[in-house]
Number of protein chains: 2
Amino acid sequence: MPDYIDKTPRHCIGCQCMSSMFSLLTHEELMMVDANKIHVHFKAGETIKKQGTYMSHVLSVNTGLAKLYLEGLEGHSAILRIVKPTNFIGGPGIFHDQRHHFSITALLDASVCFIDLQVFKSILQSNKAFSEEFMKDFSRDILTVYNRLIYLTQKQMPGRMADALLYLHDEIFQRLKFPMIISRFELSELSAMSRESAVKLLRDFQKEGLIRISDHELEILDLDSLRKISHIG
Amino acid sequence: MPDYIDKTPRHCIGCQCMSSMFSLLTHEELMMVDANKIHVHFKAGETIKKQGTYMSHVLSVNTGLAKLYLEGLEGHSAILRIVKPTNFIGGPGIFHDQRHHFSITALLDASVCFIDLQVFKSILQSNKAFSEEFMKDFSRDILTVYNRLIYLTQKQMPGRMADALLYLHDEIFQRLKFPMIISRFELSELSAMSRESAVKLLRDFQKEGLIRISDHELEILDLDSLRKISHIG
DNA sequence: GCACAAAAATGATAAATATCAACTTTTATC
DNA sequence: GATAAAAGTTGATATTTATCATTTTTGTGC
(Lines give C-alpha, C1' and ligand atoms only; values in the text may rest on other atoms or scores of the structure.)
Protein backbone atom coordinates (compact mmCIF):
# COMPACT_ATOMS: atom_id res chain seq x y z
CA MET A 1 0.00 0.00 0.00
CA PRO A 2 1.55 3.30 -1.07
CA ASP A 3 1.87 5.94 1.64
CA TYR A 4 0.43 8.68 -0.51
CA ILE A 5 -2.13 8.93 -3.24
CA ASP A 6 -0.97 10.08 -6.62
CA LYS A 7 -3.08 12.87 -8.03
CA THR A 8 -1.53 12.62 -11.49
CA PRO A 9 -4.16 11.53 -14.00
CA ARG A 10 -3.56 8.35 -15.92
CA HIS A 11 -3.43 10.22 -19.19
CA CYS A 12 -1.64 13.32 -20.50
CA ILE A 13 -4.85 14.92 -21.69
CA GLY A 14 -5.92 17.25 -18.95
CA CYS A 15 -2.79 16.59 -16.88
CA GLN A 16 -1.83 19.62 -14.81
CA CYS A 17 1.59 18.20 -13.94
CA MET A 18 3.22 18.23 -17.33
CA SER A 19 5.92 20.73 -18.25
CA SER A 20 4.38 23.86 -19.63
CA MET A 21 5.90 23.41 -23.06
CA PHE A 22 3.61 20.46 -23.67
CA SER A 23 0.62 22.78 -23.64
CA LEU A 24 1.76 23.83 -27.11
CA LEU A 25 1.04 20.38 -28.51
CA THR A 26 -1.99 19.60 -30.63
CA HIS A 27 -4.47 17.10 -29.32
CA GLU A 28 -3.05 14.48 -31.65
CA GLU A 29 0.51 15.11 -30.63
CA LEU A 30 -0.45 14.90 -27.00
CA MET A 31 -2.20 11.62 -27.68
CA MET A 32 0.99 10.37 -29.26
CA VAL A 33 3.00 11.42 -26.22
CA ASP A 34 0.42 9.75 -24.00
CA ALA A 35 0.61 6.51 -25.90
CA ASN A 36 4.41 6.50 -25.67
CA LYS A 37 5.06 7.54 -22.11
CA ILE A 38 5.79 5.64 -18.94
CA HIS A 39 4.72 6.98 -15.60
CA VAL A 40 6.83 5.99 -12.58
CA HIS A 41 6.94 6.83 -8.88
CA PHE A 42 10.21 7.17 -7.04
CA LYS A 43 10.89 7.17 -3.33
CA ALA A 44 13.17 9.81 -1.87
CA GLY A 45 16.76 8.73 -2.39
CA GLU A 46 16.09 6.59 -5.43
CA THR A 47 18.06 7.14 -8.62
CA ILE A 48 15.84 8.37 -11.41
CA LYS A 49 18.50 8.49 -14.09
CA LYS A 50 22.12 7.45 -14.06
CA GLN A 51 24.77 9.38 -15.95
CA GLY A 52 26.19 7.47 -18.89
CA THR A 53 23.17 5.27 -19.54
CA TYR A 54 21.28 5.13 -22.81
CA MET A 55 18.73 7.87 -23.30
CA SER A 56 15.58 6.13 -24.41
CA HIS A 57 13.24 8.77 -22.97
CA VAL A 58 13.14 12.38 -21.91
CA LEU A 59 11.65 13.26 -18.54
CA SER A 60 8.98 15.45 -17.09
CA VAL A 61 8.81 15.76 -13.32
CA ASN A 62 5.19 15.79 -12.16
CA THR A 63 5.55 15.98 -8.40
CA GLY A 64 8.34 15.91 -5.83
CA LEU A 65 11.88 17.25 -5.99
CA ALA A 66 15.10 15.84 -7.38
CA LYS A 67 18.75 16.78 -7.71
CA LEU A 68 20.38 16.87 -11.12
CA TYR A 69 24.13 16.41 -10.86
CA LEU A 70 27.32 15.68 -12.74
CA GLU A 71 29.30 12.74 -11.47
CA GLY A 72 32.85 13.98 -11.55
CA LEU A 73 36.22 12.74 -10.36
CA GLU A 74 36.77 10.14 -7.65
CA GLY A 75 33.16 9.96 -6.59
CA HIS A 76 32.75 13.72 -6.28
CA SER A 77 29.59 15.19 -7.74
CA ALA A 78 28.52 18.68 -8.69
CA ILE A 79 24.83 19.39 -8.31
CA LEU A 80 23.79 21.44 -11.33
CA ARG A 81 20.29 22.22 -10.18
CA ILE A 82 17.30 21.10 -8.19
CA VAL A 83 14.50 19.85 -10.37
CA LYS A 84 10.97 20.73 -9.35
CA PRO A 85 7.51 20.20 -10.82
CA THR A 86 6.86 20.65 -13.63
CA ASN A 87 10.38 20.79 -15.05
CA PHE A 88 11.32 19.15 -18.28
CA ILE A 89 14.61 17.24 -18.39
CA GLY A 90 16.29 16.54 -21.68
CA GLY A 91 19.96 17.36 -21.95
CA PRO A 92 22.66 17.46 -24.61
CA GLY A 93 22.46 13.70 -25.12
CA ILE A 94 19.24 14.14 -27.12
CA PHE A 95 21.27 15.35 -30.08
CA HIS A 96 24.79 14.30 -29.28
CA ASP A 97 24.96 10.62 -28.44
CA GLN A 98 21.68 9.52 -26.91
CA ARG A 99 23.19 9.18 -23.48
CA HIS A 100 22.43 10.86 -20.20
CA HIS A 101 25.20 13.27 -19.23
CA PHE A 102 24.03 13.77 -15.69
CA SER A 103 22.41 11.75 -12.94
CA ILE A 104 19.11 12.51 -11.26
CA THR A 105 18.14 11.37 -7.77
CA ALA A 106 14.85 11.99 -5.99
CA LEU A 107 15.10 14.23 -2.92
CA LEU A 108 11.44 13.71 -2.08
CA ASP A 109 9.02 11.10 -3.30
CA ALA A 110 8.57 12.00 -6.94
CA SER A 111 6.33 11.16 -9.83
CA VAL A 112 8.01 11.26 -13.21
CA CYS A 113 6.86 10.74 -16.78
CA PHE A 114 9.25 9.20 -19.28
CA ILE A 115 8.48 10.23 -22.84
CA ASP A 116 9.80 8.21 -25.73
CA LEU A 117 12.74 10.09 -27.24
CA GLN A 118 11.94 9.30 -30.86
CA VAL A 119 8.35 10.45 -30.46
CA PHE A 120 9.61 13.57 -28.72
CA LYS A 121 12.10 14.32 -31.49
CA SER A 122 9.54 13.82 -34.20
CA ILE A 123 7.18 16.29 -32.52
CA LEU A 124 10.09 18.71 -32.19
CA GLN A 125 10.36 18.64 -35.95
CA SER A 126 6.70 18.94 -36.72
CA ASN A 127 5.67 21.56 -34.16
CA LYS A 128 7.46 24.86 -34.55
CA ALA A 129 6.13 26.57 -31.44
CA PHE A 130 6.93 23.53 -29.33
CA SER A 131 10.44 23.31 -30.69
CA GLU A 132 10.96 27.01 -30.07
CA GLU A 133 9.86 26.61 -26.45
CA PHE A 134 12.07 23.58 -26.01
CA MET A 135 15.06 25.51 -27.31
CA LYS A 136 14.35 28.30 -24.87
CA ASP A 137 14.26 25.84 -22.01
CA PHE A 138 17.45 24.19 -23.24
CA SER A 139 19.16 27.57 -23.49
CA ARG A 140 18.13 28.62 -20.01
CA ASP A 141 19.73 25.46 -18.68
CA ILE A 142 22.98 26.35 -20.41
CA LEU A 143 22.97 29.85 -18.97
CA THR A 144 22.53 28.32 -15.54
CA VAL A 145 25.66 26.29 -16.09
CA TYR A 146 27.60 29.34 -17.34
CA ASN A 147 26.53 31.08 -14.22
CA ARG A 148 27.59 28.24 -11.98
CA LEU A 149 30.94 27.97 -13.69
CA ILE A 150 31.64 31.60 -12.91
CA TYR A 151 30.48 31.64 -9.35
CA LEU A 152 32.01 28.31 -8.41
CA THR A 153 35.42 29.29 -9.77
CA GLN A 154 35.49 32.98 -8.91
CA LYS A 155 33.87 33.22 -5.50
CA GLN A 156 35.17 32.09 -2.14
CA MET A 157 33.34 29.66 0.09
CA PRO A 158 31.08 32.10 1.96
CA GLY A 159 29.88 33.59 -1.32
CA ARG A 160 29.29 30.14 -2.78
CA MET A 161 27.33 28.97 0.24
CA ALA A 162 25.27 32.15 0.23
CA ASP A 163 24.53 31.52 -3.44
CA ALA A 164 23.43 27.98 -2.70
CA LEU A 165 21.00 29.17 -0.03
CA LEU A 166 19.76 32.01 -2.19
CA TYR A 167 19.22 29.53 -5.01
CA LEU A 168 16.98 27.47 -2.76
CA HIS A 169 15.11 30.60 -1.75
CA ASP A 170 14.82 32.31 -5.11
CA GLU A 171 14.38 29.39 -7.46
CA ILE A 172 13.00 26.47 -5.51
CA PHE A 173 10.89 27.49 -2.52
CA GLN A 174 10.29 31.23 -2.96
CA ARG A 175 9.90 31.72 0.76
CA LEU A 176 12.20 32.42 3.68
CA LYS A 177 11.43 29.27 5.63
CA PHE A 178 11.74 26.00 3.81
CA PRO A 179 12.33 22.31 4.59
CA MET A 180 15.97 21.20 4.55
CA ILE A 181 15.50 18.63 1.87
CA ILE A 182 19.20 18.37 1.13
CA SER A 183 21.90 17.21 3.48
CA ARG A 184 25.01 19.17 4.46
CA PHE A 185 26.91 16.92 2.13
CA GLU A 186 24.62 17.73 -0.79
CA LEU A 187 24.84 21.39 0.07
CA SER A 188 28.61 21.03 -0.24
CA GLU A 189 28.12 19.44 -3.67
CA LEU A 190 25.99 22.40 -4.66
CA SER A 191 28.67 24.88 -3.63
CA ALA A 192 31.83 22.96 -4.54
CA MET A 193 33.45 22.59 -1.13
CA SER A 194 34.14 19.90 1.43
CA ARG A 195 31.40 18.62 3.70
CA GLU A 196 33.15 19.97 6.77
CA SER A 197 33.52 23.42 5.27
CA ALA A 198 29.82 23.48 4.45
CA VAL A 199 28.96 22.57 8.04
CA LYS A 200 31.24 25.28 9.41
CA LEU A 201 29.85 27.94 7.11
CA LEU A 202 26.27 27.08 8.09
CA ARG A 203 27.31 27.34 11.72
CA ASP A 204 28.93 30.74 11.05
CA PHE A 205 25.85 31.96 9.19
CA GLN A 206 23.73 30.90 12.17
CA LYS A 207 26.05 32.60 14.67
CA GLU A 208 25.85 35.81 12.68
CA GLY A 209 22.07 35.61 12.69
CA LEU A 210 21.71 35.19 8.94
CA ILE A 211 19.85 31.90 9.09
CA ARG A 212 18.32 29.49 11.56
CA ILE A 213 18.18 25.74 11.15
CA SER A 214 15.87 23.68 13.33
CA ASP A 215 13.52 20.76 12.95
CA HIS A 216 14.65 20.08 9.42
CA GLU A 217 13.75 23.57 8.42
CA LEU A 218 15.97 26.40 7.32
CA GLU A 219 14.83 29.96 7.82
CA ILE A 220 16.58 32.90 6.21
CA LEU A 221 16.61 35.66 8.82
CA ASP A 222 18.65 38.25 6.97
CA LEU A 223 18.17 38.02 3.24
CA ASP A 224 19.96 41.31 2.54
CA SER A 225 23.14 40.27 4.33
CA LEU A 226 23.07 36.95 2.54
CA ARG A 227 22.82 38.77 -0.77
CA LYS A 228 25.68 41.00 0.26
CA ILE A 229 27.86 37.98 1.05
CA SER A 230 26.91 36.50 -2.31
CA HIS A 231 27.77 39.77 -4.00
CA ILE A 232 31.19 40.35 -2.46
CA GLY A 233 32.02 36.73 -3.22
CA MET B 1 47.68 48.11 -47.39
CA PRO B 2 46.81 44.98 -45.39
CA ASP B 3 49.76 42.90 -44.23
CA TYR B 4 48.28 39.65 -45.51
CA ILE B 5 46.09 38.63 -48.35
CA ASP B 6 42.77 37.09 -47.50
CA LYS B 7 42.11 33.88 -49.35
CA THR B 8 38.46 33.78 -48.39
CA PRO B 9 36.30 34.08 -51.49
CA ARG B 10 33.90 36.98 -51.71
CA HIS B 11 30.92 34.65 -51.75
CA CYS B 12 29.77 31.67 -49.71
CA ILE B 13 29.37 29.46 -52.76
CA GLY B 14 32.51 27.46 -53.05
CA CYS B 15 33.92 28.86 -49.79
CA GLN B 16 36.18 26.36 -48.07
CA CYS B 17 36.27 28.35 -44.84
CA MET B 18 32.70 28.00 -43.73
CA SER B 19 31.67 25.80 -40.82
CA SER B 20 31.01 22.29 -42.04
CA MET B 21 27.33 22.40 -41.13
CA PHE B 22 26.73 24.88 -43.93
CA SER B 23 27.56 22.22 -46.49
CA LEU B 24 24.13 20.81 -45.69
CA LEU B 25 22.40 23.87 -47.15
CA THR B 26 20.74 23.89 -50.53
CA HIS B 27 22.10 26.21 -53.17
CA GLU B 28 19.24 28.59 -52.55
CA GLU B 29 19.73 28.61 -48.81
CA LEU B 30 23.42 29.25 -49.25
CA MET B 31 22.60 32.14 -51.59
CA MET B 32 20.37 33.54 -48.89
CA VAL B 33 23.14 33.25 -46.31
CA ASP B 34 25.51 34.87 -48.77
CA ALA B 35 23.19 37.79 -49.36
CA ASN B 36 22.80 38.34 -45.63
CA LYS B 37 26.29 37.96 -44.32
CA ILE B 38 29.04 40.41 -43.42
CA HIS B 39 32.66 39.48 -43.77
CA VAL B 40 35.12 41.20 -41.42
CA HIS B 41 38.83 40.97 -40.64
CA PHE B 42 40.10 41.36 -37.11
CA LYS B 43 43.61 42.03 -35.91
CA ALA B 44 44.99 39.99 -33.04
CA GLY B 45 43.73 41.45 -29.79
CA GLU B 46 40.58 42.98 -31.23
CA THR B 47 37.21 42.21 -29.69
CA ILE B 48 35.02 40.27 -32.09
CA LYS B 49 31.98 40.08 -29.86
CA LYS B 50 31.25 41.59 -26.51
CA GLN B 51 29.20 39.79 -23.89
CA GLY B 52 25.84 41.39 -23.23
CA THR B 53 25.41 43.02 -26.62
CA TYR B 54 22.52 42.40 -28.98
CA MET B 55 22.84 39.29 -31.10
CA SER B 56 22.08 40.39 -34.62
CA HIS B 57 24.23 37.72 -36.26
CA VAL B 58 25.75 34.33 -35.64
CA LEU B 59 29.41 33.81 -36.47
CA SER B 60 31.59 31.53 -38.51
CA VAL B 61 35.34 31.79 -38.06
CA ASN B 62 37.10 31.46 -41.43
CA THR B 63 40.73 31.91 -40.47
CA GLY B 64 42.75 32.75 -37.37
CA LEU B 65 42.18 31.89 -33.74
CA ALA B 66 40.09 33.49 -31.02
CA LYS B 67 39.27 33.01 -27.37
CA LEU B 68 35.67 32.61 -26.26
CA TYR B 69 35.22 33.60 -22.63
CA LEU B 70 32.74 34.45 -19.93
CA GLU B 71 33.25 37.80 -18.27
CA GLY B 72 32.73 37.06 -14.63
CA LEU B 73 33.13 38.91 -11.36
CA GLU B 74 35.33 41.96 -10.81
CA GLY B 75 36.97 41.82 -14.20
CA HIS B 76 37.84 38.14 -13.96
CA SER B 77 37.16 36.04 -17.04
CA ALA B 78 36.88 32.32 -17.67
CA ILE B 79 37.97 31.17 -21.11
CA LEU B 80 35.48 28.56 -22.23
CA ARG B 81 37.30 27.50 -25.35
CA ILE B 82 39.62 28.51 -28.16
CA VAL B 83 37.79 29.02 -31.41
CA LYS B 84 39.48 27.83 -34.56
CA PRO B 85 38.58 27.66 -38.25
CA THR B 86 36.02 26.71 -39.25
CA ASN B 87 34.06 26.81 -36.00
CA PHE B 88 30.53 28.04 -35.81
CA ILE B 89 29.61 30.34 -32.91
CA GLY B 90 26.02 30.75 -31.87
CA GLY B 91 25.22 30.39 -28.21
CA PRO B 92 22.18 30.23 -25.96
CA GLY B 93 21.21 33.80 -26.82
CA ILE B 94 19.85 32.61 -30.17
CA PHE B 95 16.78 31.25 -28.45
CA HIS B 96 16.84 32.88 -25.07
CA ASP B 97 17.13 36.64 -25.36
CA GLN B 98 19.04 37.52 -28.52
CA ARG B 99 22.10 38.59 -26.58
CA HIS B 100 25.64 37.33 -26.56
CA HIS B 101 26.43 35.51 -23.35
CA PHE B 102 30.17 35.42 -23.88
CA SER B 103 32.86 37.62 -25.36
CA ILE B 104 35.16 36.69 -28.20
CA THR B 105 38.58 38.22 -28.82
CA ALA B 106 40.97 37.46 -31.67
CA LEU B 107 44.21 35.76 -30.60
CA LEU B 108 45.59 35.90 -34.14
CA ASP B 109 44.46 37.95 -37.11
CA ALA B 110 41.12 36.45 -37.92
CA SER B 111 38.55 36.51 -40.70
CA VAL B 112 34.99 36.11 -39.51
CA CYS B 113 31.63 35.92 -41.26
CA PHE B 114 28.58 37.34 -39.54
CA ILE B 115 25.37 35.67 -40.67
CA ASP B 116 22.05 37.37 -40.12
CA LEU B 117 20.34 35.70 -37.16
CA GLN B 118 16.81 35.79 -38.61
CA VAL B 119 17.97 34.26 -41.86
CA PHE B 120 19.86 31.65 -39.89
CA LYS B 121 16.84 30.81 -37.76
CA SER B 122 14.56 30.55 -40.74
CA ILE B 123 16.93 28.09 -42.39
CA LEU B 124 17.08 26.15 -39.14
CA GLN B 125 13.35 25.68 -39.43
CA SER B 126 13.26 24.76 -43.08
CA ASN B 127 16.27 22.46 -43.30
CA LYS B 128 16.02 19.40 -41.08
CA ALA B 129 19.53 18.05 -41.66
CA PHE B 130 21.05 21.46 -41.02
CA SER B 131 19.09 21.93 -37.85
CA GLU B 132 20.11 18.47 -36.67
CA GLU B 133 23.77 19.28 -37.27
CA PHE B 134 23.42 22.62 -35.52
CA MET B 135 21.91 20.92 -32.49
CA LYS B 136 24.79 18.48 -32.39
CA ASP B 137 27.25 21.33 -32.43
CA PHE B 138 25.30 23.18 -29.77
CA SER B 139 25.19 20.06 -27.60
CA ARG B 140 28.93 19.44 -27.91
CA ASP B 141 29.52 22.96 -26.65
CA ILE B 142 27.42 22.24 -23.60
CA LEU B 143 29.28 19.03 -22.86
CA THR B 144 32.51 21.02 -23.01
CA VAL B 145 31.16 23.34 -20.34
CA TYR B 146 30.01 20.41 -18.17
CA ASN B 147 33.49 19.05 -18.47
CA ARG B 148 35.12 22.33 -17.56
CA LEU B 149 32.84 22.79 -14.59
CA ILE B 150 33.98 19.44 -13.21
CA TYR B 151 37.65 19.83 -13.81
CA LEU B 152 37.86 23.43 -12.69
CA THR B 153 36.07 22.72 -9.41
CA GLN B 154 37.40 19.25 -8.62
CA LYS B 155 41.05 19.33 -9.65
CA GLN B 156 43.95 21.16 -8.07
CA MET B 157 46.10 23.63 -9.92
CA PRO B 158 48.65 21.23 -11.45
CA GLY B 159 45.85 19.10 -12.87
CA ARG B 160 44.06 22.16 -14.22
CA MET B 161 47.19 23.52 -15.88
CA ALA B 162 47.95 20.12 -17.37
CA ASP B 163 44.41 20.06 -18.73
CA ALA B 164 44.85 23.48 -20.27
CA LEU B 165 48.01 22.41 -22.06
CA LEU B 166 46.49 19.11 -23.12
CA TYR B 167 43.50 21.01 -24.46
CA LEU B 168 45.80 23.10 -26.64
CA HIS B 169 47.53 19.94 -27.82
CA ASP B 170 44.52 17.70 -28.33
CA GLU B 171 41.92 20.12 -29.57
CA ILE B 172 43.67 23.09 -31.10
CA PHE B 173 47.09 22.28 -32.55
CA GLN B 174 47.24 18.48 -32.60
CA ARG B 175 51.00 18.52 -32.36
CA LEU B 176 53.56 18.58 -29.56
CA LYS B 177 55.15 21.87 -30.53
CA PHE B 178 52.94 24.85 -31.02
CA PRO B 179 53.09 28.65 -30.92
CA MET B 180 52.30 30.23 -27.55
CA ILE B 181 49.40 32.25 -28.82
CA ILE B 182 48.02 32.87 -25.37
CA SER B 183 49.71 34.76 -22.56
CA ARG B 184 50.39 33.42 -19.08
CA PHE B 185 47.49 35.52 -17.94
CA GLU B 186 45.14 33.97 -20.48
CA LEU B 187 46.44 30.54 -19.55
CA SER B 188 45.44 31.35 -15.98
CA GLU B 189 41.97 32.32 -17.21
CA LEU B 190 41.75 28.97 -18.97
CA SER B 191 42.63 27.08 -15.81
CA ALA B 192 40.95 29.24 -13.15
CA MET B 193 43.94 30.33 -11.12
CA SER B 194 45.97 33.48 -10.50
CA ARG B 195 48.47 34.73 -13.06
CA GLU B 196 51.38 34.11 -10.70
CA SER B 197 50.30 30.56 -9.99
CA ALA B 198 50.13 29.86 -13.71
CA VAL B 199 53.66 31.21 -14.16
CA LYS B 200 54.97 29.08 -11.33
CA LEU B 201 53.32 25.93 -12.58
CA LEU B 202 54.77 26.41 -16.04
CA ARG B 203 58.18 26.86 -14.45
CA ASP B 204 57.69 23.68 -12.42
CA PHE B 205 56.57 21.76 -15.50
CA GLN B 206 59.69 22.97 -17.29
CA LYS B 207 61.96 22.01 -14.39
CA GLU B 208 60.47 18.55 -14.37
CA GLY B 209 61.10 18.24 -18.07
CA LEU B 210 57.45 18.00 -19.05
CA ILE B 211 57.47 20.98 -21.37
CA ARG B 212 59.84 23.52 -22.89
CA ILE B 213 58.98 27.11 -23.69
CA SER B 214 61.23 29.14 -25.94
CA ASP B 215 60.86 31.61 -28.77
CA HIS B 216 57.13 31.88 -28.27
CA GLU B 217 56.76 28.20 -28.76
CA LEU B 218 55.68 25.56 -26.31
CA GLU B 219 56.82 22.01 -26.77
CA ILE B 220 55.35 19.12 -24.84
CA LEU B 221 58.25 16.82 -23.98
CA ASP B 222 56.44 14.28 -21.84
CA LEU B 223 52.85 13.87 -22.90
CA ASP B 224 52.31 10.79 -20.74
CA SER B 225 53.37 12.52 -17.54
CA LEU B 226 51.19 15.48 -18.40
CA ARG B 227 48.25 13.14 -18.84
CA LYS B 228 49.07 11.50 -15.55
CA ILE B 229 49.06 14.88 -13.79
CA SER B 230 45.75 15.67 -15.44
CA HIS B 231 44.40 12.33 -14.33
CA ILE B 232 45.40 12.48 -10.68
CA GLY B 233 44.05 16.03 -10.56
C1' DG C 1 69.63 51.79 -30.10
C1' DC C 2 67.00 53.87 -26.44
C1' DA C 3 62.94 54.81 -23.64
C1' DC C 4 58.93 53.17 -22.21
C1' DA C 5 55.30 49.98 -21.33
C1' DA C 6 53.71 45.48 -20.88
C1' DA C 7 54.40 40.85 -19.67
C1' DA C 8 56.80 37.47 -17.10
C1' DA C 9 59.16 35.81 -13.14
C1' DT C 10 60.24 35.38 -8.24
C1' DG C 11 60.18 34.75 -3.23
C1' DA C 12 57.95 35.87 0.95
C1' DT C 13 53.85 35.99 3.23
C1' DA C 14 49.05 35.64 4.26
C1' DA C 15 44.72 33.75 3.43
C1' DA C 16 41.67 30.15 2.10
C1' DT C 17 40.48 25.53 2.17
C1' DA C 18 40.87 20.53 2.84
C1' DT C 19 41.92 16.82 5.63
C1' DC C 20 42.04 14.19 9.67
C1' DA C 21 40.57 12.25 13.82
C1' DA C 22 37.68 12.35 17.02
C1' DC C 23 32.98 12.80 18.86
C1' DT C 24 27.76 13.62 19.06
C1' DT C 25 23.35 13.39 17.31
C1' DT C 26 19.93 11.61 14.41
C1' DT C 27 17.78 8.07 11.78
C1' DA C 28 16.75 3.45 10.47
C1' DT C 29 16.18 -1.52 11.48
C1' DC C 30 15.05 -5.44 13.64
C1' DG D 1 13.78 -0.17 22.63
C1' DA D 2 18.44 -1.74 21.50
C1' DT D 3 21.67 -1.38 18.13
C1' DA D 4 23.84 -0.11 14.05
C1' DA D 5 24.47 3.04 10.56
C1' DA D 6 24.42 7.46 8.78
C1' DA D 7 24.71 12.28 9.22
C1' DG D 8 26.35 16.12 11.49
C1' DT D 9 29.85 18.60 14.34
C1' DT D 10 34.27 20.12 15.98
C1' DG D 11 39.08 21.72 16.54
C1' DA D 12 43.72 20.96 15.15
C1' DT D 13 46.64 20.69 11.49
C1' DA D 14 48.43 20.49 6.84
C1' DT D 15 47.96 21.83 2.26
C1' DT D 16 46.72 24.67 -1.36
C1' DT D 17 46.38 28.96 -3.35
C1' DA D 18 46.33 34.01 -3.67
C1' DT D 19 48.42 38.26 -2.86
C1' DC D 20 52.02 41.48 -2.55
C1' DA D 21 56.24 43.70 -3.59
C1' DT D 22 59.87 43.64 -6.45
C1' DT D 23 62.83 42.42 -10.26
C1' DT D 24 63.71 40.90 -14.83
C1' DT D 25 62.61 40.25 -19.44
C1' DT D 26 60.41 41.29 -23.65
C1' DG D 27 58.14 44.02 -27.01
C1' DT D 28 57.17 48.59 -29.35
C1' DG D 29 57.58 53.06 -31.15
C1' DC D 30 60.55 56.64 -32.20
Side-chain angles (χ1 to χ4, degrees), chain A residues 3 43-46 67 72-78 105 107-109 151-164 179-207 211-218 229 232-233, chain B residues 3 43-45 67 72-78 105 107-108 151-164 179-207 211-218 229 232-233:
Chain A
D3 56 357
K43 297 253 174 217
E46 286 183 330
K67 58 174 176 174
L73 313 167
E74 302 162 43
H76 290 272
S77 293
T105 297
L107 293 170
L108 301 175
D109 288 0
Y151 96 62
L152 292 181
T153 58
Q154 298 187 352
K155 285 185 186 183
Q156 303 190 168
M157 291 199 305
R160 302 207 298 273
M161 180 54 75
D163 277 338
M180 271 299 272
I181 44 148
I182 65 177
S183 67
R184 306 294 196 269
F185 181 63
E186 287 167 325
L187 215 43
S188 80
E189 290 183 326
L190 193 56
S191 48
M193 63 184 69
S194 71
R195 181 172 45 96
E196 291 94 329
S197 292
V199 167
K200 286 167 191 174
L201 276 166
L202 287 179
R203 178 187 56 183
D204 293 348
F205 282 3
Q206 286 197 80
K207 271 187 192 159
I211 59 172
R212 177 170 50 208
I213 305 178
S214 59
D215 301 320
H216 307 277
E217 285 203 318
L218 188 145
I229 290 172
I232 61 175
Chain B
D3 56 355
K43 296 253 174 218
K67 59 174 174 175
L73 312 167
E74 302 162 44
H76 290 271
S77 292
T105 297
L107 293 171
L108 301 175
Y151 97 63
L152 292 180
T153 58
Q154 300 188 352
K155 285 186 187 184
Q156 303 191 166
M157 292 201 302
R160 302 208 297 273
M161 179 56 74
D163 278 338
M180 269 300 273
I181 44 147
I182 66 176
S183 67
R184 306 293 196 269
F185 181 64
E186 287 166 326
L187 215 42
S188 80
E189 289 183 326
L190 192 58
S191 48
M193 63 183 70
S194 72
R195 182 171 43 92
E196 292 95 327
S197 292
V199 168
K200 286 167 192 174
L201 276 167
L202 287 179
R203 178 187 57 182
D204 293 347
F205 282 4
Q206 286 197 80
K207 271 187 193 158
I211 59 172
R212 178 169 51 208
I213 305 177
S214 57
D215 302 320
H216 307 277
E217 284 203 318
L218 188 146
I229 290 171
I232 63 176

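- Taking 4.5 Å as the limit, some side-chain heavy atom of A:Lys67 sits within range of a side-chain heavy atom of A:Glu189.
- Judged by distance alone, with hydrogens and angles left aside, the side-chain atoms of B:Arg160 form a donor-acceptor pair with the main-chain N or O of B:Ser191 at under 3.5 Å.
- In this structure, CG of B:Leu201 is placed 15 Å from C1' of C:dA8, rounded to the nearest angstrom.
- B:Lys200 contributes a side-chain N or O that forms a donor-acceptor pair with the base of D:dT19 under 3.5 Å.
- With contacts defined as side-chain heavy-atom distances shorter than 4.5 Å, the pair A:Leu107/A:Ile182 qualifies.
- Across the interface with DNA chain C, nearest-nucleotide mapping of B:Arg195 and B:Lys207 shows B:Arg195 to be the residue nearer the 5′ end.
- For DNA chain D, the neighbouring residues in residues 182-194 of chain A, judged by any heavy atom under 4.0 Å, are A:Ser183, A:Arg184, A:Phe185.
- Closest to the A:Val199 side chain, of the nucleotides C:dT10, D:dT9, C:dA18, is D:dT9.
- Atom CG of B:Leu73 is separated from atom CD1 of A:Ile232 by 12.0 Å, given to the nearest 0.5 angstrom.
- The closest side-chain heavy-atom distance from B:Met157 to B:Leu201 is below 4.5 Å.
- Nucleic acid contact class of A:Arg203 (heavy atoms, under 4.0 Å, all strands): sugar-phosphate only.
- Closest contact between the side chain of A:Glu196 and the listed nucleotides C:dA18, D:dT17, C:dC20 involves C:dC20.
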Close N or O pairs between protein and nucleotides 28-30 of chain C (under 3.5 Å):
none

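- Interatomic distance, A:Ser188 OG to A:Leu202 CG, rounded to the nearest 0.5 Å: 10.0 Å.
- For A:Ser197 and C:dT17, the shortest distance from a side-chain N or O to OP1 or OP2 is not below 4.0 Å.
- A:Glu46 is linked by a salt bridge (Lys or Arg N to Asp or Glu O under 4.0 Å) to nothing, counting only residues two or more places apart in sequence or in another chain.
- Comparing the helix axis at one end of the helix from C:dG1-D:dC30 to C:dC30-D:dG1 with that at the other, each defined from 5 consecutive pairs, gives an inter-axis angle of 50° (nearest 10°).
- The backbone N or O of A:Lys43 sits nowhere less than 3.5 Å from a side-chain atom of A:Asp109 that would complete a donor-acceptor pair.
- Of the candidate nucleotides C:dC20, C:dA16, C:dT27, C:dA16 has the atom nearest to the side chain of A:Gln156.
- Across the protein-nucleic acid pair, A:Met180 atom CE and D:dA6 atom C1' stand 16 Å apart, rounded to whole Å.
- Residues meeting the side chain to side chain donor-acceptor pair (under 3.5 Å) test with A:Arg195, sequence neighbours left out: none.
- Look at CD1 on B:Ile213: it is 14 Å from C1' on D:dT25, rounded to the nearest Å.
- Not one side-chain nitrogen or oxygen of B:His216 sits closer than 4.0 Å to the OP1 or OP2 atom of D:dT26.
- Looking at every heavy atom in both residues, A:Leu190 comes nearest to A:Tyr151 through O-OH, 3.9 Å.
- Listed for the A:Ser197 side chain is no donor-acceptor partner under 3.5 Å among the backbone atoms of A:Met193.
- Atom-to-atom, NE2 of B:His76 to P of D:dT19 comes out at 6 Å; the value is rounded to the nearest Å.
- Applying the side chain to side chain donor-acceptor pair (under 3.5 Å) criterion to A:Thr105, with sequence neighbours excluded, gives A:Tyr69.
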